[in-house]
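The chains referred to below are lettered A, B, ... by the order of the sequence lines, with proteins before strands, and numbering in each begins at 1.
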There are 2 protein chains.
Amino acid sequence: MTTMTEVAQAAGVSVMTVSNVLSGRRRVSPETRKRVLQAVAELDYQVNLTARNLRYGRSGSIALLVPQFDHAYFGALGARVARAVADLGRQVVVEQTTASQEGELSALSLARLHMYDGAIFSVVGLREAELDKIRDSIPIVLLGEREVPARFDHVMMGNIEGARLAVEHMLNRGSQRVLIAGGRLGQDPLGMSRARTLGWLTAHNEAGIPADENLILRMGQLDIAHARREVAAAVAADPGIDGVFGVTDDVAIGALAGLRDAGRQVPEDVQVVGFDNLEIGAHIHPELTSIDPSSDWIVDNAVRLLQARMSDDPPSEAEHLVSPVRLVERGSTRRDG
Amino acid sequence: MTTMTEVAQAAGVSVMTVSNVLSGRRRVSPETRKRVLQAVAELDYQVNLTARNLRYGRSGSIALLVPQFDHAYFGALGARVARAVADLGRQVVVEQTTASQEGELSALSLARLHMYDGAIFSVVGLREAELDKIRDSIPIVLLGEREVPARFDHVMMGNIEGARLAVEHMLNRGSQRVLIAGGRLGQDPLGMSRARTLGWLTAHNEAGIPADENLILRMGQLDIAHARREVAAAVAADPGIDGVFGVTDDVAIGALAGLRDAGRQVPEDVQVVGFDNLEIGAHIHPELTSIDPSSDWIVDNAVRLLQARMSDDPPSEAEHLVSPVRLVERGSTRRDG
DNA sequence: CTGAAAGCGCTAACAT
DNA sequence: ATGTTAGCGCTTTCAG
């Protein structure tokens with residue numbers, strides 16, 4: 001590996017001059033500059049960013065930590081963050097938090113954070129206790145539907161309101177028994193499933209319809225294949241089900257398949273609403289009615305908060321934001337009651 | 001930021017002892033060990049990996065460079081690579097190559113590679129000339145459907161054979177006019193679209209059916225929304241079309257939507273086959289027949305090649321592998337002719 | 001405008 | 001079993 005010293009020797013100058021040419025931090029005379037660049041080209045030199053970063057004390061890149069790579073939502077998230085962060089002249093690198101291991105935030109992965117100037121951390125499988133281990137680390141903004149320690153900036157979706165809207169919509173359009181696929185009751189941890197189940201409850205209360213807890217379909221994994229199987233089984237066991245709220249679009253898409261398997265027509269027999277408003281939902285059949293969580297809003301705010309926290313005088317108080325949500329009506333729900 | 005020196009002072013030992021306790025490289029007496037760990041805990045110390053990596057000369061992580069985050073295929077790729085690389089005790093970080101900028105491989109992003117022990121590089125928008133700029137850099141394995149300089153290890157999909165299989169299948173099942181959505185004729189660059197169009201041609205030749213070049217639907221972007229619009233327009237303009245080969249599953253899924261928009265039944269009026277065998281394809285309606293490119297095989301080989309290249313005596317010759325492909329038959333094609 | 005010395009935080013190699 | 005010295009490759013500071 002060529003080093004700056006070798007370039008300096010080849011060009012007959014000091015390392016400092018090479019450094020200055022490459023970083024542009026100080027003026028260098030055109031001639032020496034030319035000699036240096038020529039040596040750089042001949043030796044095929046490239047700066048060692050590890051060394052530079054050690055000296056600088058920063059790296060120019062920010063990390064996005066997601067629980068899974070192979071999930072449409074996190075892919076979209078990454079793309080949005082990259083776009084927002086490019087304007088700041090920084091690079092995004094995405095790492096997968098080796099999801100839900102006993103020590104998800106192992107000592108090592110915690111130390112890795114120091115290699116970045118800041119991090120956006122999508123917390124899913126993380127317990128609050130583990131989050132508390134992150135102390136005087138780098139600037140961090142949390143994303144995700146979990147309860148987090150108050151000292152962190154945090155942006156989350158309007159889970160309760162979104163779920164309420166989704167279920168209200170189906171009840172308005174004539175559904176009586178709305179299954180919540182991937183729902184979950186109970187206190188701790190107050191995660192996404194629980195929050196959205198709360199919205200499901202609220203919609204029932206507001207509509208004056210008793211919420212039947214048997215309609216809460218707990219799921220081990222919130223993926224398409226599981227949802228398909230379990231929703232098909234659920235409607236077979238309870239033929240009265242005439243609406244399904246999937247706690248994510250993946251679950252809702254699986255539900256559509258499961259209902260097909262069970263011989264139910266959507267939206268005539270059963271209405272379906274999802275949550276996330278993934279692009280694919282607009283292009284399948286029937287097109288999926290979904291809750292749009294304002295992902296752009298979420299990312300813009302996360303980047304703004306991160307930028308503030310990385311600035312010279314970071315805010316003393318952490319912000320906790322909840323994104324606005326809206327229902328995007330498509331073919332998986334009926335036009336009228 | 002706490003440093004190792006501070007920990008050493010707090011524990012009343014030398015920095016070397018702290019280093020030894022934390023890295024486990026040398027034996028340390030239980031008592032001092034305990035004192036050190038206590039100081040580490042009290043000061044909330046974490047090693048500076050930038051410094052450690054500079055000293056070590058390696059980073060323990062490998063990079064996966066993809067053109068886009070928000071694409072199901074690259075998400076799945078990332079997940080597979082992470083799994084395969086975890087066994088080697090290494091971390092994967094994913095970066096987005098700021099796709100198709102004039103200087104996609106800017107000097108800086110090239111330099112960034114040095115921060116990793118190796119890289120798997122999914123080349124899509126990259127010209128061969130740009131790839132040639134990567135010289136005595138770190139070990140690299142290329143992925144993707146493009147022609148690459150021979151000195152690189154390269155794993156690609158069986159594009160021609162896969163496309164041939166897809167189109168042969170539709171011709172066997174009675175299609176006469178098979179549109180290739182996202183196809184492209186011409187020499188340079190020999191990219192994915194071109195290779196798959198070659199397979200489309202081959203299938204026609206083998207079946208003794210003349211290939212009508214009007215059935216090659218070029219697309220600016222290979223995404224669902226574009227495919228939907230352009231396929232709908234294509235079948236409106238040419239009602240004789242009775243088969244669509246989408247060069248990717250995204251394109252095929254868009255084609256399904258476009259055909260629906262145009263009032264065509266799949267598979268009765270028009271058969272559809274995609275390429276990638278994304279998970280979602282098995283769960284939409286109609287279920288998408290697709291070419292499985294053996295993604296696991298691709299990733300396993302890429303990781304194997306990378307490992308070999310990172311080893312003490314790297315192979316002198318580069319390998320160029322083509323993945324086996326197979327047709328996965330589902331509901332978007334007919335059971336018989 | 002250019003150079004020499006010092007040091008970012010850590011660990012390999014050599015003491016003790 | 002622990003400590004001291006030197007240096008990874010770069011840039012900041014201080015001189016010229």
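- Taking CE of Met4(B) as the start and OH of Tyr45(B) as the end, the distance is 3.5 Å to the nearest 0.5 Å.
- Taking atom CD on Gln9(A) and atom P on dG3(C), their separation rounds to 13 Å, with Å as the unit.
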Under 3.5 Å, which donor-acceptor pairs link side chains of residues 310-322 of chain B to any protein atom two or more places apart or in another chain?
unit_1, atom_1, unit_2, atom_2, d
Ser311(B), OG, Ala308(B), O, 2.6
His320(B), NE2, Ala150(B), O, 2.9
His320(B), NE2, Phe152(B), O, 3.2

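- Among the atoms of the strands shown, only primed sugar atoms or phosphate atoms (P, OP1, OP2) are found under 4.0 Å from some heavy atom of Thr32(A).
- Between Arg27(B) atom CZ and dG3(D) atom P the separation is 16 Å, expressed in whole Å.
- For the pair Asn20(A) CG and dC1(C) C1', the interatomic distance rounds to 10 Å; values are reported in whole Å.
- Between Leu22(A) atom CG and dT12(D) atom C1' there is a gap of 16 Å when expressed in whole angstrom units.
- Taking CG from Leu65(A) and CZ from Phe74(A), the interatomic distance works out to 11.5 Å, rounded to the nearest 0.5 Å.
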*asked:* Output one letter per nucleotide in nucleotides 4-10 of chain D: B when a protein non-hydrogen atom lies under 4.0 Å from the base, S when only the sugar-phosphate is that close, - when neither is.
replied: B-BBBBB
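- Regarding contacts with the backbone of dA1(D), every side-chain N or O of Thr17(B) stays at 4.0 angstrom or more from both OP1 and OP2.
- If you take CG on Leu113(B) and CE on Met115(B), they are separated by 9.0 Å, rounding to the nearest 0.5 Å.
- With His71(A) contributing its side chain and Val66(A) its backbone, the two residues share no donor-acceptor pair below 3.5 Å.
- One N or O on the side chain of Glu145(B) and one on the backbone of Met157(B) form a donor-acceptor pair closer than 3.5 Å.
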